[in-house]
Amino acid sequence: MNVQTAQRDSRPAWQIVALREIAVKARDKNFLVGLGVTLAMVIGTFAVQVWIAGKTDTQKVAIVDTKGASGPSAKQVVDGAATSAKDGGAKVEYTSTAFPDDAAARAAVTKGDADAALLRTNGGWQLIGDKSIDDGLKKNVTTSAAQLTLASNAASQGVELSSLTKGGAVATSTLSSDADRAGLAKVVSLVFAFLFYFVAFMFGMPIAQSVVEEKQSRIVEILASAVPLRHILAGKIIGNALLAIAQVTLLAAVALIGLSQTKWSAFVGTVAGASGWFLLFFLVGFFVVACMFAVAGALASRSEDVQSTSQPVVMLVVLVLVVGMSLSGTAQVVASYVPVVSTVTMPARIMDGSAAWWEPILAIGIAIVAAYVITRLATRLYERSIMRTGGRLSYREAFKLGA
């Protein structure tokens, strides 16, 4: 930033710094390539899910046509299994191929020409696989054989099958889709955790590096003669925060579009609501993390020192990731009110439906208050440390400066 330009510009200094941060980042090839790769990964993930969901698996069953045998034929059993699978919503088709004898059918399975063989035995049927048998095939063939044999035996004895099964039908229904929602909520909470972790480092660490470079080159001393140090800090934080929230919003929008094309499309509204809260919590949490990274840069005297001075904030970001991946139950409820950690845990609770309407409002209020206090403290540490040269400062030394 040109100091004379800043002095002539009628806008507040922090706005000029923020615009400069945005302009520099927007022209950074590494940033643009990283964003493009991330978008490609998100799009590719959902594309694979859509492809898998739309793909119909075909399994071949080797059978032997035993003419004159009583009961249903092997082909009827396989056809019944196919109907059962279709009624159950499975993306699978069962086809039967007749062989002259049992040995030929077994050989087809061994050679890989058939996925399994269905052979008649004295006591009923035997389903044979090579090394294993698909669970879905086993279930549907067993169900089909039992139903067809029951119908055949009832008919041979002159008994009406409907009279035997009358009153035994079991209808299924669900009062809610809690199981599906709980599973999706876990996936979404993991995505939130990784997104915060990824973006916090992508935008936070460069802030620390930028601060220490300005300190090491003495550029900050020139800037400080023209604008207040807190404006420099505010500009860096706000500029990077706007870029971070824009990137997260873009990724969330792409993910929601992809989700609408999957089996979880009914939950798009719920995920969108949780994502909206996540963006709000993310913005507050990122301010805290960004301020801490700026302080880490101010404490360092060389770029090599940043790795050491940034350890506390790195641990905080990792903690958010671990908590978002592992906590549940009461521990998750408590964590959903802890500032920064609530960035992941509260949206996760909103997603699974365990949070009352007032809880995210209370949690964001607590997060904002904590962010304000931490930001004020970080600003003070930044102002005390940024002009100090001659060696790396510890946090304890920074607190004592100017006290």
Side-chain angles (χ1 to χ4, degrees), residues 38 42 46 176-178 180-200 202-204 237-238 240-260 262 264-290 316-317 319-375:
T38 305
V42 173
F46 283 105
S176 62
S177 51
D178 287 343
D180 289 341
R181 179 168 177 168
L184 181 59
K186 186 63 177 177
V187 174
V188 171
S189 65
L190 291 176
V191 171
F192 287 160
F194 275 106
L195 198 56
F196 180 83
Y197 176 85
F198 173 72
V199 177
M202 174 180 285
F203 290 93
I237 303 304
I238 293 173
N240 282 278
L242 290 175
L243 282 171
I245 199 68
Q247 177 168 328
V248 173
T249 301
L250 176 61
L251 292 174
V254 172
L256 286 172
I257 294 173
L259 186 66
S260 67
T262 68
W264 290 307
S265 59
F267 297 104
V268 169
T270 303
V271 176
S275 298
W277 277 107
F278 171 71
L279 293 176
L280 184 58
F281 276 96
F282 173 86
L283 183 60
V284 177
F286 181 81
F287 261 90
V288 173
V289 171
L316 175 62
V317 175
L319 175 65
V320 174
L321 174 64
V322 173
V323 166
M325 293 174 59
S326 60
L327 290 190
S328 60
T330 303
Q332 186 185 49
V333 173
V334 174
S336 66
Y337 292 99
V338 178
V340 184
V341 176
S342 60
T343 302
V344 174
T345 49
M346 183 55 78
R349 291 186 59 214
I350 294 172
M351 180 60 214
D352 65 24
S354 64
W357 66 268
W358 54 268
E359 291 189 78
I361 298 175
L362 176 59
I364 194 64
I366 295 173
I368 291 174
V369 171
Y372 174 78
V373 174
I374 295 173
T375 301

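Side chains are part of it too, since the values below use all heavy atoms of this structure and drop only hydrogens, waters and symmetry mates.
Considering all non-hydrogen atoms of both residues, L327 and A335 come closest at CD1-CB, 3.7 Å. Listed here is the closest heavy atom pair of P339 and I366: CG-CG2, 4.0 Å. In this structure, F192 and P347 approach most closely via the heavy-atom pair CE1-CB, 3.6 Å. Heavy-atom minimum distance, G324 versus A193: CA-CB, 4.1 Å. For the residue pair A367 and V284, the shortest heavy atom distance occurs at O-CG1, 3.5 Å. In terms of heavy-atom proximity, L256 sits nearest to A272 at CD2-N, 3.9 Å.
Sequence neighbours left out, not one pair with a member in residues 182-199 passes side-chain hydrogen bond (donor to acceptor under 3.5 Å, both in side chains). The stretch residues 362-373 participates, sequence neighbours left out, in these side-chain hydrogen bond (donor to acceptor under 3.5 Å, both in side chains) pairs: Y372-R376. Applying the side-chain hydrogen bond (donor to acceptor under 3.5 Å, both in side chains) test to pairs two or more places apart or on separate chains, none has a residue in residues 267-290. Counting only residues at least two apart or in different chains, side-chain hydrogen bond (donor to acceptor under 3.5 Å, both in side chains) contacts with residues 321-335 are absent.
Residues forming a side-chain contact (heavy atoms from CB on, under 4.5 Å) with L243 (at least two apart in sequence, or on another chain): I22, K25, F203. For S336, the side-chain contact (heavy atoms from CB on, under 4.5 Å) criterion is met by T345, M346, R349, not counting sequence neighbours. When the ring pair (Phe, Tyr, Trp, His ring centres under 6.0 Å) test is applied to F196, the partners found at least two apart in sequence or on another chain are F282. Every side-chain contact (heavy atoms from CB on, under 4.5 Å) that T249 has, sequence neighbours left out, goes to I245, L279. Not counting sequence neighbours, the partners of F194 by the side-chain contact (heavy atoms from CB on, under 4.5 Å) test are L321, M325. In terms of the ring pair (Phe, Tyr, Trp, His ring centres under 6.0 Å) criterion, F281 has no residue partners (sequence neighbours excluded).
Distance CG/N240 to CD/Q247: 11.0 Å, rounded to 0.5 Å. Atom-to-atom distance recorded for F278:CZ and L283:CG is 11.0 Å, nearest 0.5 angstrom. Of the inter-residue distances, the one linking L280 atom CG with I364 atom CD1 reads 4.0 Å to the nearest 0.5 angstrom.
In this structure, V344 and V323 have side chains that are not in contact, with every pair of non-hydrogen atoms separated by 4.5 Å or more.
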